[in-house]
Amino acid sequence: MRTATLGPAERVEALAAMAERELDVLVVGAGVVGAGTALDAVTRGLSTGLVEARDWASGTSSRSSKLIHGGLRYLEMLDFALVREALKERGLLLERLAPHLVKPVPFLYPLRHKGWERFYAGSGVALYDAMSFSSGHGRGLPVHRHLSRRGALRVAPCLKKDALVGAMQYYDAQMDDARFVTTLVRTAASYGALAASRARVIGFLREGERVVGARVQDVEAGVAYEIRARQIVNATGVWTDDTQALIGERGQFHVRASKGIHLVVPKDRIHSSTGLILRTEKSVLFVIPWGRHWIVGTTDTEWDLDKAHPAASSADIDYLLEHVNTVLATPLTRDDVEGVYAGLRPLLAGESDATSKLSREHTVAHPVPGLVVVAGGKYTTYRVMAKDAVDEAVHGLDQRVAPCVTEDTPLLGAEGYRALWNARARIAARTGLHVVRVEHLLNRYGSLTEQILDLIAEDPALGRPLAAADDYLRAEIVYAASHEGARHLDDVLTRRTRISIETFDRGTLSARECAELMAPVLGWDELQIEKEVEHYDKRVEAERESQRQPDDLTADAARLGAPDIVPI
């Protein structure tokens, strides 16, 4: 295996190498599906490139509910195949592929009606558990249990007594979505894939009807490359139609965007030892444990404005607060909200106007020779989507290609994780870090934690926490730039860490310290440090202003008041 380091030098080398010779597969878009597709292709022995216009997971894949789940509500829609598929993937991730990144999480479902509702909902959850076990990968999670009202209030004292007559508790799983994608990209690179962020496709190369490559612009250096590939996979999510337009062909399907927003509040604002799942008039609402915080979400509304920076309006925030407060004994207020983030789900356009009714199934198409398109689906089933996309691309390669092996290919950091977890007290004693710090690192980097510890051994000052965001060590900021492909301050504060949504200052108090830690790795001078900090401050202010606006149009206009990227 090659190095999994994705630093500045490796990025330049990857772009140059992609332009030197024809690839078997070039993947466009490094969200979870694109990163998964690159891993699938390279582990079949195909020469593989991956380009991303911004940062890994900078779109939908960093703005989800952070859940790996079967989709309990899809059982109610009788979509058994989708649920069965997702439950198998959930089990694989928990047990084999990424046990360091994907963790069990309990949810409490309050019952409002006696008798029939317990039978109806209980039957659904029992089927959910049964389908999980039948997949062969469901033994890592406890089965559901029924609770009386008193039992429910014992595990979730935050609930109003009159908000339930009883409850059920079941388990799903969660992860840090952006960290998961970064790990996918690095895993693909370790098997030989060439990966470059801030590399935007500006056109496709054609020979007659066939697509034979892409024109890619290095957004940082302004240099354009021609990258030739025998098959190109368009995995750009909500940008699918825009990417398709670059070849001047009408797509076989269309992707519509549905906006979902989430609120982040401190742990002490909701007194509960379990997450919550609540039914709303449109869908469901989750209250999800998230370290020292809770994530409350989500909404489901159509969005046809700026795709890069979907904005949460005041109305969106009020909607979530209003619905979660129907069951909370101590209501949440605007002052309790630390962070807000908005993301867009890529839904295959259907006949219904209601976005919640559009398909969460995925589709793979081959609209013209040399170009495969994959779209739709849900985060949990990314590996299946990637497999289907590569299977389709293989049809266009005139050679025998090995079958998919990603079901048995652990992500970086998984191998040895459990052994290191068992040794965490010894690691803490050896390094001088508190055992809680070691646990934090193991659950973010797995066995790659040793690389973080090496940085601290070389410079003990990196073992200190950030002054204004003490959940994270200074070494993690350096590592993000040197090993994980972070190119800008925004990449670190919003995706490599979650400081932008986990602090009331939205990361502005940590911006300068982080920029100064990144500077030696990325070659920034004092002027560039100032630009990075100024850009981040403007971004935060634009987001705050958008969240004060009454509707999508005004929120979008406010959010676009901040520039998108800082030129080097």
Inset, instruction - Report yes if some heavy atom in the side chain of Leu285 is under 4.5 Å from a heavy atom in the side chain of Leu320; otherwise report no. - result: yes

Inset, instruction - Verify the distance criterion only: is there a donor paired with an acceptor across the side chains of Arg90 and His69 at less than 3.5 Å? - result: no

Inset, instruction - Give the C-alpha distance, both sets of side-chain angles, the deciding distance and a yes or no for salt bridge (charged side-chain N to carboxylate O under 4.0 Å, His left out) between Asp491 and Arg496. - result: CA-CA 6 Å; Asp491 300 342; Arg496 303 305 182 279; 5.1 Å; no

Inset, instruction - Enter the distance from Asp408:CG to Leu97:CG here, rounded to the nearest 0.5 Å. - result: 8.0 Å

Legend entry - Residue pair Leu453 / Ile427, side-chain heavy-atom distance below 4.5 Å: yes

Legend entry - Whether over 12 other heavy atoms sit under 6.0 Å from Glu450 CD: yes

Inset, instruction - Look only at the side chain of Glu392 and the backbone of Ala389, and say whether a donor-acceptor pair between them is shorter than 3.5 Å. - result: no

Inset, instruction - Indicate yes or no: at least one non-hydrogen side-chain atom of Pro289 is less than 4.5 angstrom from one of Val105. - result: yes

Legend entry - Sidechain-backbone polar pair: Ser64 side chain, Thr60 backbone, donor-acceptor under 3.5 Å: no

Inset, instruction - Locate the shortest heavy-atom distance separating Ala375 from Thr240; write the atom from each residue and the value. - result: CB-OG1, 4.0 Å

Legend entry - Tyr109 ring center within less than 6.0 Å of Tyr170 ring center: no

Inset, instruction - Determine, step by step, whether Glu407 and Lys88 satisfy the salt bridge (charged side-chain N to carboxylate O under 4.0 Å, His left out) criterion, reporting the C-alpha distance in whole Å, the side-chain angles of both residues, the deciding distance to 0.1 Å, and the verdict. - result: CA-CA 10 Å; Glu407 190 170 318; Lys88 176 189 174 183; 3.3 Å; yes

Inset, instruction - To the nearest 0.5 Å, tell me how far Leu26 CG sits from Gln231 CD. - result: 11.0 Å

Inset, instruction - Step by step, work out the salt bridge (charged side-chain N to carboxylate O under 4.0 Å, His left out) result for Asp470 and Arg292. - result: CA-CA 11 Å; Asp470 61 2; Arg292 295 199 291 174; 2.9 Å; yes

Inset, instruction - May I ask you to decide whether Lys259 forms a salt bridge with Asp316, counting only side-chain N to carboxylate O separations under 4.0 Å? - result: yes

Inset, instruction - Would you kindly check if the NZ (Lys) or CZ (Arg) of Arg418 is within the cone defined by 45 degrees around the ring axis of Trp421 and under 6.0 Å from the six-membered ring centre? - result: no

Inset, instruction - Quick one: pull up CD in Glu484 and OG1 in Thr182 and give me the separation to the nearest 0.5 Å. - result: 6.0 Å

Legend entry - Donor + acceptor pair across side chains of His362, Asp388 (<3.5 Å): yes

Legend entry - Audit row: Lys66, Asp177, salt bridge (charged side-chain N to carboxylate O under 4.0 Å, His left out) steps and yes/no: CA-CA 6 Å; Lys66 326 289 185 218; Asp177 47 10; 3.2 Å; yes

Legend entry - 4.5 Å side-chain heavy-atom contact, Tyr128 and Leu87: yes

Legend entry - Distance-only donor-acceptor check, side chains Arg495 and Ser62, under 3.5 Å: no

Inset, instruction - Determine whether Arg44 and Asp24 make a side-chain contact, defined as any pair of heavy atoms from C-beta on separated by less than 4.5 Å. - result: no

Inset, instruction - Indicate yes or no for a side-chain donor-acceptor contact from Ser148 to the backbone of Gly166 under 3.5 Å, with no hydrogens or angles considered. - result: no

Inset, instruction - Specify whether Tyr382 and Tyr379 have parallel, tilted or perpendicular ring planes, treating 30° as the upper limit for parallel and 60° as the lower limit for perpendicular. - result: perpendicular

Inset, instruction - Please determine if Lys103 forms a cation-pi arrangement with Phe180, meaning its NZ or CZ atom is less than 6.0 Å from the six-membered ring centre and no more than 45° off the ring axis. - result: no

Legend entry - Flag, side chain of Gln174 to backbone of Ile288, donor-acceptor distance under 3.5 Å: no

Legend entry - Side chain to side chain, Cys514 and Arg474, heavy atoms closer than 4.5 Å: no

Legend entry - Leu448 CG to Gln451 CD distance, which is reported to the nearest 0.5 Å: 5.0 Å

Inset, instruction - Look at the rings of His262 and Tyr341 and say which category their plane angle falls in: under 30° parallel, 30 to 60° tilted, over 60° perpendicular. - result: parallel

Inset, instruction - Could you tell me whether a side-chain N or O of Ser447 sits under 3.5 Å from a main-chain N or O of Glu415, the two making a donor and an acceptor? - result: yes

Legend entry - Atom CZ of Arg430: over 12 foreign heavy atoms under 6.0 Å: yes

Legend entry - Atom pair CD1/CG of Ile261 and Asp300 - distance to nearest 0.5 Å: 12.0 Å

Inset, instruction - For Thr449 and Leu441, indicate whether the former's side chain and the latter's backbone hold a donor-acceptor pair under 3.5 Å. - result: yes

Legend entry - Side chain proximity check, Arg179 to Arg498, heavy atoms < 4.5 angstrom: no

Inset, instruction - Verify the ring-centre separation between Tyr472 and His440: is it less than 6.0 angstrom? - result: yes

Inset, instruction - Determine yes or no for a side-chain-to-main-chain donor-acceptor pair under 3.5 angstrom, with Arg112 supplying the side chain and Ala163 the backbone. - result: yes

Legend entry - His488 side chain to Asp490 backbone, donor-acceptor under 3.5 Å: no

Inset, instruction - Ignoring hydrogens and angles, state whether a donor on the side chain of Gln169 or His144 is under 3.5 Å from an acceptor on the partner side chain. - result: no

Inset, instruction - State whether the side chain of Ser123 and the backbone N or O of Ala121 hold a donor-acceptor pair below 3.5 Å, judged by distance alone. - result: no

Inset, instruction - Could you grab the distance from atom CG of Asp176 to atom CG of Leu101, nearest 0.5 Å is fine? - result: 8.5 Å

Inset, instruction - Please report the shortest heavy-atom distance between Thr37 and Val27, naming the atom on each side. - result: CG2-CG2, 3.8 Å

Legend entry - Arg96 side chain vs Gly91 backbone, donor-acceptor pair below 3.5 Å: no

Inset, instruction - Measure across Val42 and Gly192 and return the closest heavy-atom pair with its distance rounded to 0.1 Å. - result: CG2-C, 3.8 Å

Legend entry - Side-chain heavy atoms of Thr497 within contact of Ile477, under 4.5 Å: yes

